[in-house]
Amino acid sequence: MSTDTQTLDIPKVSAYLEKHLEGFEGPLEVSKFQAGQSNPTFLLKTPSRNYVLRRKPPGVLLKSAHAVDREFRVQKALQDTDVPVSKMHLLCEDDDVIGSAFYIMDHIDGRNFMDPRMPEMDKAGRAGVIDEMNRVLAALHDVDIDAVGLSDYGPPGNYYERQVARWTKQYRASETEDLPAMNQLIEKLTASIPEDDGQRTLVHGDYRIDNMMFEKDGTNCLAILDWELSTIGHPYADLAAVIMQWQMPAGTEGRGFGGEDRAALGVPTDAEFIAKYCERRGLEGIDNFGFYLAFCFFRMAGIIQGVLKRALDGNASNPERAMKVGAYVPVFAENGLKALEGK
(Lines give C-alpha, C1' and ligand atoms only; values in the text may rest on other atoms or scores of the structure.)
Protein backbone atom coordinates (compact mmCIF):
# COMPACT_ATOMS: atom_id res chain seq x y z
CA MET A 1 0.00 0.00 0.00
CA SER A 2 1.74 3.17 -1.18
CA THR A 3 1.60 6.47 0.72
CA ASP A 4 3.24 8.35 -2.16
CA THR A 5 0.99 11.09 -3.58
CA GLN A 6 3.11 11.45 -6.72
CA THR A 7 2.67 7.95 -8.14
CA LEU A 8 0.04 5.21 -8.42
CA ASP A 9 0.38 1.44 -8.30
CA ILE A 10 -0.44 0.99 -12.00
CA PRO A 11 -0.88 -2.81 -11.95
CA LYS A 12 -3.31 -2.55 -9.02
CA VAL A 13 -5.30 0.29 -10.61
CA SER A 14 -5.42 -1.51 -13.94
CA ALA A 15 -6.58 -4.78 -12.37
CA TYR A 16 -9.30 -2.96 -10.41
CA LEU A 17 -10.57 -1.07 -13.47
CA GLU A 18 -10.60 -4.20 -15.63
CA LYS A 19 -12.92 -5.75 -13.07
CA HIS A 20 -15.13 -2.75 -12.24
CA LEU A 21 -15.12 -0.23 -15.14
CA GLU A 22 -17.21 -1.27 -18.12
CA GLY A 23 -15.34 -0.92 -21.42
CA PHE A 24 -11.93 -0.47 -19.78
CA GLU A 25 -9.04 -2.00 -21.72
CA GLY A 26 -5.33 -1.49 -21.06
CA PRO A 27 -2.47 -1.02 -21.31
CA LEU A 28 -2.66 1.88 -18.87
CA GLU A 29 -0.38 4.94 -18.81
CA VAL A 30 -0.50 7.24 -15.78
CA SER A 31 0.69 10.82 -15.25
CA LYS A 32 0.01 13.22 -12.40
CA PHE A 33 -1.56 16.65 -12.80
CA GLN A 34 0.62 19.18 -10.98
CA ALA A 35 -2.19 21.70 -10.57
CA GLY A 36 -4.28 21.38 -7.43
CA GLN A 37 -3.14 20.93 -3.84
CA SER A 38 -5.80 19.00 -2.04
CA ASN A 39 -6.67 15.70 -3.70
CA PRO A 40 -3.93 14.21 -5.92
CA THR A 41 -5.27 13.83 -9.46
CA PHE A 42 -3.98 11.60 -12.26
CA LEU A 43 -4.54 11.25 -16.00
CA LEU A 44 -5.18 7.65 -17.02
CA LYS A 45 -4.48 6.99 -20.71
CA THR A 46 -5.69 3.89 -22.53
CA PRO A 47 -5.61 3.14 -26.28
CA SER A 48 -9.33 3.89 -26.68
CA ARG A 49 -10.07 6.70 -24.20
CA ASN A 50 -8.71 8.71 -21.29
CA TYR A 51 -9.94 8.96 -17.71
CA VAL A 52 -9.08 10.93 -14.60
CA LEU A 53 -8.46 9.37 -11.18
CA ARG A 54 -8.87 11.65 -8.16
CA ARG A 55 -7.84 10.25 -4.80
CA LYS A 56 -7.91 11.19 -1.16
CA PRO A 57 -4.34 11.80 0.06
CA PRO A 58 -2.93 9.07 2.32
CA GLY A 59 -1.95 9.76 5.91
CA VAL A 60 -3.66 11.49 8.84
CA LEU A 61 -6.20 14.03 7.57
CA LEU A 62 -8.47 16.65 9.11
CA LYS A 63 -11.96 15.33 9.76
CA SER A 64 -14.31 15.93 6.78
CA ALA A 65 -11.43 17.04 4.53
CA HIS A 66 -10.62 15.49 1.13
CA ALA A 67 -14.09 13.95 0.79
CA VAL A 68 -13.80 12.35 -2.64
CA ASP A 69 -17.03 10.46 -1.99
CA ARG A 70 -18.90 13.77 -1.78
CA GLU A 71 -17.19 15.05 -4.94
CA PHE A 72 -18.32 11.93 -6.76
CA ARG A 73 -21.89 12.16 -5.47
CA VAL A 74 -22.47 15.82 -6.36
CA GLN A 75 -21.06 15.55 -9.88
CA LYS A 76 -23.07 12.41 -10.55
CA ALA A 77 -26.23 14.21 -9.37
CA LEU A 78 -25.56 17.11 -11.76
CA GLN A 79 -25.09 14.97 -14.91
CA ASP A 80 -28.43 15.95 -16.48
CA THR A 81 -28.60 19.60 -15.34
CA ASP A 82 -27.43 22.89 -16.91
CA VAL A 83 -24.29 22.69 -14.74
CA PRO A 84 -21.39 21.24 -16.80
CA VAL A 85 -19.56 18.38 -15.08
CA SER A 86 -17.44 15.44 -16.16
CA LYS A 87 -19.11 12.02 -16.47
CA MET A 88 -18.64 10.01 -13.28
CA HIS A 89 -17.79 6.31 -13.65
CA LEU A 90 -17.05 4.73 -10.30
CA LEU A 91 -16.16 5.40 -6.67
CA CYS A 92 -13.79 3.06 -4.80
CA GLU A 93 -13.81 3.40 -1.01
CA ASP A 94 -11.58 0.36 -0.43
CA ASP A 95 -8.27 1.69 0.93
CA ASP A 96 -6.55 -1.60 0.09
CA VAL A 97 -6.53 -0.84 -3.66
CA ILE A 98 -4.21 2.20 -3.71
CA GLY A 99 -4.05 3.28 -0.06
CA SER A 100 -7.03 5.66 -0.02
CA ALA A 101 -10.46 6.22 -1.59
CA PHE A 102 -10.64 7.40 -5.21
CA TYR A 103 -13.03 7.94 -8.08
CA ILE A 104 -12.82 7.68 -11.85
CA MET A 105 -14.33 10.21 -14.27
CA ASP A 106 -14.03 11.09 -17.94
CA HIS A 107 -11.07 13.20 -18.98
CA ILE A 108 -12.29 16.51 -20.40
CA ASP A 109 -10.28 17.54 -23.47
CA GLY A 110 -10.51 21.29 -23.05
CA ARG A 111 -8.46 24.23 -21.84
CA ASN A 112 -7.93 25.59 -18.37
CA PHE A 113 -6.99 29.18 -17.51
CA MET A 114 -4.61 29.41 -14.54
CA ASP A 115 -4.34 33.18 -15.04
CA PRO A 116 -7.74 34.99 -15.17
CA ARG A 117 -6.21 37.65 -17.42
CA MET A 118 -6.11 34.95 -20.12
CA PRO A 119 -3.14 36.41 -22.04
CA GLU A 120 -3.73 33.95 -24.90
CA MET A 121 -7.25 35.35 -25.52
CA ASP A 122 -8.42 38.52 -27.24
CA LYS A 123 -10.72 41.05 -25.57
CA ALA A 124 -13.92 39.49 -26.93
CA GLY A 125 -12.78 36.02 -25.89
CA ARG A 126 -12.07 37.12 -22.33
CA ALA A 127 -15.46 38.80 -22.10
CA GLY A 128 -17.10 35.60 -23.35
CA VAL A 129 -15.33 33.36 -20.85
CA ILE A 130 -16.17 35.65 -17.91
CA ASP A 131 -19.81 35.87 -18.98
CA GLU A 132 -19.88 32.06 -19.21
CA MET A 133 -18.50 31.92 -15.65
CA ASN A 134 -21.41 34.13 -14.63
CA ARG A 135 -24.00 32.03 -16.50
CA VAL A 136 -22.76 28.74 -15.06
CA LEU A 137 -22.69 30.17 -11.53
CA ALA A 138 -26.32 31.31 -11.82
CA ALA A 139 -27.26 27.87 -13.23
CA LEU A 140 -25.52 26.17 -10.32
CA HIS A 141 -27.51 28.18 -7.79
CA ASP A 142 -30.77 27.52 -9.64
CA VAL A 143 -30.41 23.71 -9.47
CA ASP A 144 -33.45 22.11 -7.84
CA ILE A 145 -31.66 20.28 -5.02
CA ASP A 146 -34.72 18.15 -4.24
CA ALA A 147 -35.10 17.04 -7.86
CA VAL A 148 -31.44 15.94 -8.17
CA GLY A 149 -31.40 14.20 -4.79
CA LEU A 150 -29.11 16.62 -2.96
CA SER A 151 -31.46 18.10 -0.35
CA ASP A 152 -29.52 16.24 2.38
CA TYR A 153 -26.09 17.18 0.96
CA GLY A 154 -25.65 19.84 3.66
CA PRO A 155 -27.23 20.41 7.08
CA PRO A 156 -30.04 22.94 7.62
CA GLY A 157 -29.60 26.22 9.49
CA ASN A 158 -27.48 29.32 9.00
CA TYR A 159 -24.77 28.42 6.48
CA TYR A 160 -22.39 31.17 7.59
CA GLU A 161 -22.62 30.26 11.28
CA ARG A 162 -21.78 26.69 10.34
CA GLN A 163 -18.97 27.61 7.97
CA VAL A 164 -17.30 30.20 10.21
CA ALA A 165 -17.29 27.69 13.08
CA ARG A 166 -16.00 24.90 10.83
CA TRP A 167 -13.18 26.87 9.24
CA THR A 168 -12.15 28.44 12.54
CA LYS A 169 -11.75 24.91 13.90
CA GLN A 170 -9.89 23.76 10.77
CA TYR A 171 -7.62 26.79 10.90
CA ARG A 172 -6.79 26.25 14.58
CA ALA A 173 -6.04 22.57 13.89
CA SER A 174 -3.46 23.49 11.23
CA GLU A 175 -2.16 26.78 12.73
CA THR A 176 1.62 27.13 12.44
CA GLU A 177 2.11 30.64 13.84
CA ASP A 178 0.09 33.32 15.61
CA LEU A 179 -1.41 35.77 13.09
CA PRO A 180 -3.12 38.77 14.78
CA ALA A 181 -5.00 39.68 11.56
CA MET A 182 -6.53 36.19 11.36
CA ASN A 183 -7.49 36.24 15.04
CA GLN A 184 -9.16 39.60 14.56
CA LEU A 185 -10.96 38.49 11.39
CA ILE A 186 -12.37 35.40 13.12
CA GLU A 187 -13.66 37.53 16.00
CA LYS A 188 -15.25 40.23 13.80
CA LEU A 189 -16.72 37.79 11.28
CA THR A 190 -18.34 35.72 14.03
CA ALA A 191 -19.93 38.86 15.46
CA SER A 192 -21.38 40.08 12.13
CA ILE A 193 -23.05 36.99 10.62
CA PRO A 194 -26.29 38.10 8.93
CA GLU A 195 -29.64 36.52 9.71
CA ASP A 196 -30.61 33.55 7.54
CA ASP A 197 -32.58 34.88 4.54
CA GLY A 198 -33.94 31.47 3.57
CA GLN A 199 -31.81 30.94 0.46
CA ARG A 200 -30.63 27.32 0.39
CA THR A 201 -28.81 26.22 -2.76
CA LEU A 202 -26.01 24.00 -3.93
CA VAL A 203 -22.69 25.84 -3.56
CA HIS A 204 -19.38 24.83 -5.10
CA GLY A 205 -17.19 26.26 -2.34
CA ASP A 206 -14.17 27.08 -4.51
CA TYR A 207 -15.65 28.65 -7.64
CA ARG A 208 -12.97 30.31 -9.77
CA ILE A 209 -11.72 30.22 -13.34
CA ASP A 210 -8.89 27.74 -12.75
CA ASN A 211 -11.44 25.21 -11.47
CA MET A 212 -13.23 25.22 -14.83
CA MET A 213 -12.56 23.58 -18.19
CA PHE A 214 -13.51 25.43 -21.39
CA GLU A 215 -13.72 24.52 -25.06
CA LYS A 216 -10.34 24.59 -26.78
CA ASP A 217 -11.59 26.97 -29.46
CA GLY A 218 -14.55 28.66 -27.77
CA THR A 219 -15.88 30.12 -24.54
CA ASN A 220 -18.35 27.42 -23.43
CA CYS A 221 -17.60 25.74 -20.12
CA LEU A 222 -17.23 21.94 -20.45
CA ALA A 223 -16.93 21.13 -16.74
CA ILE A 224 -16.54 22.63 -13.28
CA LEU A 225 -13.77 20.80 -11.38
CA ASP A 226 -12.76 20.32 -7.73
CA TRP A 227 -16.04 19.87 -5.83
CA GLU A 228 -14.43 18.99 -2.50
CA LEU A 229 -15.88 21.99 -0.65
CA SER A 230 -19.36 21.74 -2.17
CA THR A 231 -22.39 21.59 0.11
CA ILE A 232 -25.89 22.94 0.49
CA GLY A 233 -25.50 26.50 1.64
CA HIS A 234 -25.84 30.13 0.66
CA PRO A 235 -25.22 31.19 -2.96
CA TYR A 236 -23.55 34.53 -2.23
CA ALA A 237 -20.51 32.67 -0.89
CA ASP A 238 -19.71 31.41 -4.40
CA LEU A 239 -20.37 34.82 -5.97
CA ALA A 240 -18.15 36.56 -3.42
CA ALA A 241 -15.43 33.95 -4.02
CA VAL A 242 -15.13 35.15 -7.63
CA ILE A 243 -14.86 38.78 -6.54
CA MET A 244 -12.36 37.83 -3.84
CA GLN A 245 -10.12 36.09 -6.36
CA TRP A 246 -10.21 39.06 -8.71
CA GLN A 247 -8.92 41.36 -5.94
CA MET A 248 -5.76 39.33 -5.56
CA PRO A 249 -2.47 40.25 -7.29
CA ALA A 250 -2.30 39.53 -11.03
CA GLY A 251 -0.42 36.47 -12.27
CA THR A 252 -0.53 32.71 -11.87
CA GLU A 253 0.05 32.82 -8.09
CA GLY A 254 -2.32 35.56 -6.94
CA ARG A 255 -4.63 34.73 -9.87
CA GLY A 256 -6.39 38.07 -9.70
CA PHE A 257 -6.73 41.36 -11.53
CA GLY A 258 -4.95 43.54 -8.96
CA GLY A 259 -3.56 46.63 -10.70
CA GLU A 260 -4.92 45.62 -14.13
CA ASP A 261 -7.04 47.73 -16.50
CA ARG A 262 -10.09 45.48 -16.66
CA ALA A 263 -11.86 47.51 -19.34
CA ALA A 264 -8.86 47.10 -21.66
CA LEU A 265 -8.90 43.35 -20.98
CA GLY A 266 -12.64 43.07 -21.67
CA VAL A 267 -13.36 42.04 -18.08
CA PRO A 268 -16.36 43.48 -16.19
CA THR A 269 -16.07 45.40 -12.93
CA ASP A 270 -17.10 43.67 -9.70
CA ALA A 271 -20.39 45.60 -9.73
CA GLU A 272 -21.12 44.63 -13.35
CA PHE A 273 -20.47 40.95 -12.68
CA ILE A 274 -22.70 40.99 -9.58
CA ALA A 275 -25.45 42.85 -11.45
CA LYS A 276 -25.42 40.31 -14.31
CA TYR A 277 -25.62 37.44 -11.82
CA CYS A 278 -28.57 39.10 -10.08
CA GLU A 279 -30.28 39.64 -13.45
CA ARG A 280 -29.88 35.97 -14.35
CA ARG A 281 -31.31 34.85 -11.01
CA GLY A 282 -34.09 37.45 -10.82
CA LEU A 283 -32.62 39.23 -7.79
CA GLU A 284 -32.96 42.96 -7.12
CA GLY A 285 -29.50 43.27 -5.62
CA ILE A 286 -27.35 42.12 -2.70
CA ASP A 287 -27.07 43.96 0.62
CA ASN A 288 -24.03 43.75 2.90
CA PHE A 289 -21.79 42.24 0.21
CA GLY A 290 -18.72 43.14 2.30
CA PHE A 291 -19.57 40.39 4.78
CA TYR A 292 -19.74 37.71 2.07
CA LEU A 293 -16.45 38.92 0.63
CA ALA A 294 -14.78 38.91 4.05
CA PHE A 295 -16.10 35.41 4.67
CA CYS A 296 -14.47 34.18 1.45
CA PHE A 297 -11.11 35.71 2.36
CA PHE A 298 -11.37 34.06 5.80
CA ARG A 299 -12.26 30.64 4.42
CA MET A 300 -9.48 30.77 1.81
CA ALA A 301 -7.00 31.68 4.54
CA GLY A 302 -8.16 28.58 6.41
CA ILE A 303 -7.83 26.40 3.32
CA ILE A 304 -4.33 27.52 2.42
CA GLN A 305 -3.23 27.26 6.04
CA GLY A 306 -4.11 23.58 5.76
CA VAL A 307 -2.10 23.36 2.53
CA LEU A 308 0.88 24.96 4.30
CA LYS A 309 0.59 22.57 7.27
CA ARG A 310 0.56 19.55 4.95
CA ALA A 311 3.68 20.88 3.20
CA LEU A 312 5.49 21.35 6.50
CA ASP A 313 4.41 17.85 7.58
CA GLY A 314 5.64 16.36 4.29
CA ASN A 315 2.17 15.36 3.00
CA ALA A 316 1.55 18.00 0.29
CA SER A 317 0.63 16.91 -3.24
CA ASN A 318 2.91 19.64 -4.68
CA PRO A 319 5.24 20.74 -1.82
CA GLU A 320 6.99 23.64 -3.56
CA ARG A 321 3.74 25.24 -4.66
CA ALA A 322 2.17 24.54 -1.26
CA MET A 323 4.83 26.66 0.46
CA LYS A 324 4.28 29.53 -1.99
CA VAL A 325 0.51 29.39 -1.56
CA GLY A 326 0.84 29.18 2.21
CA ALA A 327 2.65 32.52 2.28
CA TYR A 328 -0.66 34.19 1.31
CA VAL A 329 -2.46 33.36 4.58
CA PRO A 330 -1.74 36.79 6.18
CA VAL A 331 -2.73 38.56 2.92
CA PHE A 332 -6.12 36.85 2.85
CA ALA A 333 -6.69 37.64 6.52
CA GLU A 334 -5.86 41.33 6.05
CA ASN A 335 -8.03 41.58 2.93
CA GLY A 336 -10.88 39.98 4.85
CA LEU A 337 -10.67 42.68 7.50
CA LYS A 338 -10.70 45.41 4.81
CA ALA A 339 -13.76 43.87 3.14
CA LEU A 340 -15.61 43.72 6.45
CA GLU A 341 -14.81 47.38 7.08
CA GLY A 342 -15.95 48.32 3.55
CA LYS A 343 -12.51 49.46 2.39
Side-chain angles (χ1 to χ4, degrees), residues 35-36 71 74-75 78 81-86 108-143 199 201-230 233-258 260-283 285-286 289 292-293 295-297 299-300 303:
E71 284 193 7
V74 68
Q75 290 174 93
L78 292 171
T81 69
D82 290 336
V83 180
V85 289
S86 178
I108 301 292
D109 188 20
R111 59 178 167 179
N112 177 245
F113 300 107
M114 298 303 288
D115 184 341
R117 296 173 299 175
M118 297 174 267
E120 64 271 52
M121 299 282 279
D122 61 16
K123 188 174 179 179
R126 290 188 201 99
V129 168
I130 297 297
D131 190 62
E132 176 72 346
M133 270 189 81
N134 191 292
R135 183 198 68 77
V136 170
L137 185 60
L140 170 64
H141 296 154
D142 281 339
V143 167
Q199 291 196 69
T201 71
L202 178 61
V203 293
H204 179 268
D206 197 14
Y207 193 81
R208 57 181 198 243
I209 199 167
D210 49 297
N211 277 335
M212 304 175 79
M213 293 294 293
F214 294 87
E215 293 173 321
K216 283 187 171 179
D217 57 356
T219 60
N220 289 334
C221 177
L222 301 177
I224 307 174
L225 309 174
D226 197 356
W227 289 84
E228 185 196 342
L229 297 175
S230 62
H234 198 279
Y236 299 164
D238 277 343
L239 177 62
V242 176
I243 305 305
M244 174 203 75
Q245 195 66 49
W246 288 357
Q247 292 188 3
M248 296 303 291
T252 53
E253 284 187 21
R255 298 181 188 175
F257 290 119
E260 296 290 319
D261 182 345
R262 287 203 209 171
L265 289 172
V267 175
T269 64
D270 293 348
E272 287 167 344
F273 189 86
I274 294 167
K276 191 67 178 177
Y277 168 87
C278 289
E279 179 189 322
R280 283 187 159 118
R281 294 202 60 228
L283 303 169
I286 299 174
F289 193 76
Y292 306 113
L293 188 57
F295 165 75
C296 288
F297 277 119
R299 183 177 56 185
M300 189 54 68
I303 291 168

Separation between OH (Tyr236) and SG (Cys278), nearest 0.5 Å, reads 6.0 Å
Exercise for review: Classify the angle between the aromatic ring planes of Tyr292 and His234 as parallel (below 30°), tilted (30 to 60°) or perpendicular (above 60°).
Suggested key: parallel
Query - Side chain proximity check, Leu78 to Ile224, heavy atoms < 4.5 angstrom - result: no
Of all heavy-atom pairs linking Ile108 and Ala223, the shortest is CG1-CB, 4.0 Å
Looking at Val85, is its backbone amide N or carbonyl O close enough to the side chain of Gln75 to form a donor-acceptor pair, meaning the two atoms are under 3.5 Å apart? no
- Query: Under a 4.5 Å cut-off applied to non-hydrogen side-chain atoms, are Phe297 and Met248 in contact?
  - Reply: yes
So do Tyr207 and Met133 actually touch side chain to side chain, heavy atoms under 4.5 Å?
yes
task = Verify, without hydrogens or angle tests, whether Asn211 (side chain) and Asp206 (backbone) share a donor-acceptor contact under 3.5 angstrom.
result = yes
Under 4.5 Å between any side-chain heavy atoms of Glu272 and Arg262, yes or no? no
Item to complete: Start with the C-alpha distance between Asp270 and Gln247, add both sets of side-chain angles, then the distance that settles side chain to side chain contact (heavy atoms under 4.5 Å, CB included), and finish with yes or no.
Response: CA-CA 9 Å; Asp270 293 348; Gln247 292 188 3; 3.7 Å; yes
So CD of Gln199 and NE2 of His141: to nearest 0.5 Å the spacing works out to 9.5 Å
Closest non-hydrogen contact found for Pro84 with Leu222 is CB-O, 3.4 Å
CD of Glu215 to CG of Asn220, rounded to nearest 0.5 Å, is 4.0 Å
dist Met118:CE -> Ile130:CD1 (nearest 0.5 Å) comes out at 4.0 Å
Correct closest heavy-atom pair for Asp238 and Leu202 would be OD2-O, 4.5 Å
Distance-only, no hydrogens or angles: does the Asp142 side chain make a donor-acceptor pair with backbone N or O of Arg281 under 3.5 Å? no
With distance as the sole test, does Arg126 use its side chain to make a donor-acceptor pair with the main-chain N or O of Leu265 at under 3.5 Å? yes
Step through the shown structure and confirm whether more than 12 heavy atoms of other residues, nucleotides or ligands are within 6.0 Å of CG on Asp82. no
* Asked: Is any side-chain heavy atom of Glu260 closer than 4.5 Å to a side-chain heavy atom of Val267?
  -> no
The reported gap from CZ in Arg255 to CG in Asp210 (rounded to nearest 0.5 angstrom) is 4.0 Å
On a heavy-atom basis, the closest approach of Gly125 and Thr219 is O-CG2, 3.7 Å
Residues Arg280 and Arg135: closest non-hydrogen pair is NH1-N, 3.5 Å
Check: Leu283 and Tyr277 side chains under 4.5 Å, non-hydrogen atoms
yes
| message | Quick check: do Ile303 and Leu229 have side-chain heavy atoms less than 4.5 Å from each other? | response | yes
Please check this pair: side chain of Arg299 against backbone of Gly205, looking for a donor-acceptor N/O pair closer than 3.5 Å. yes
When every non-hydrogen atom of Glu132 is compared with those of Phe214, the smallest separation belongs to CG-CE2, 4.0 Å
Does a side-chain heavy-atom distance below 4.5 Å link Ile286 with Leu239? yes
Rounded to the nearest 0.5 angstrom, the CE-CG distance for Met212 and Asp226 is 12.5 Å
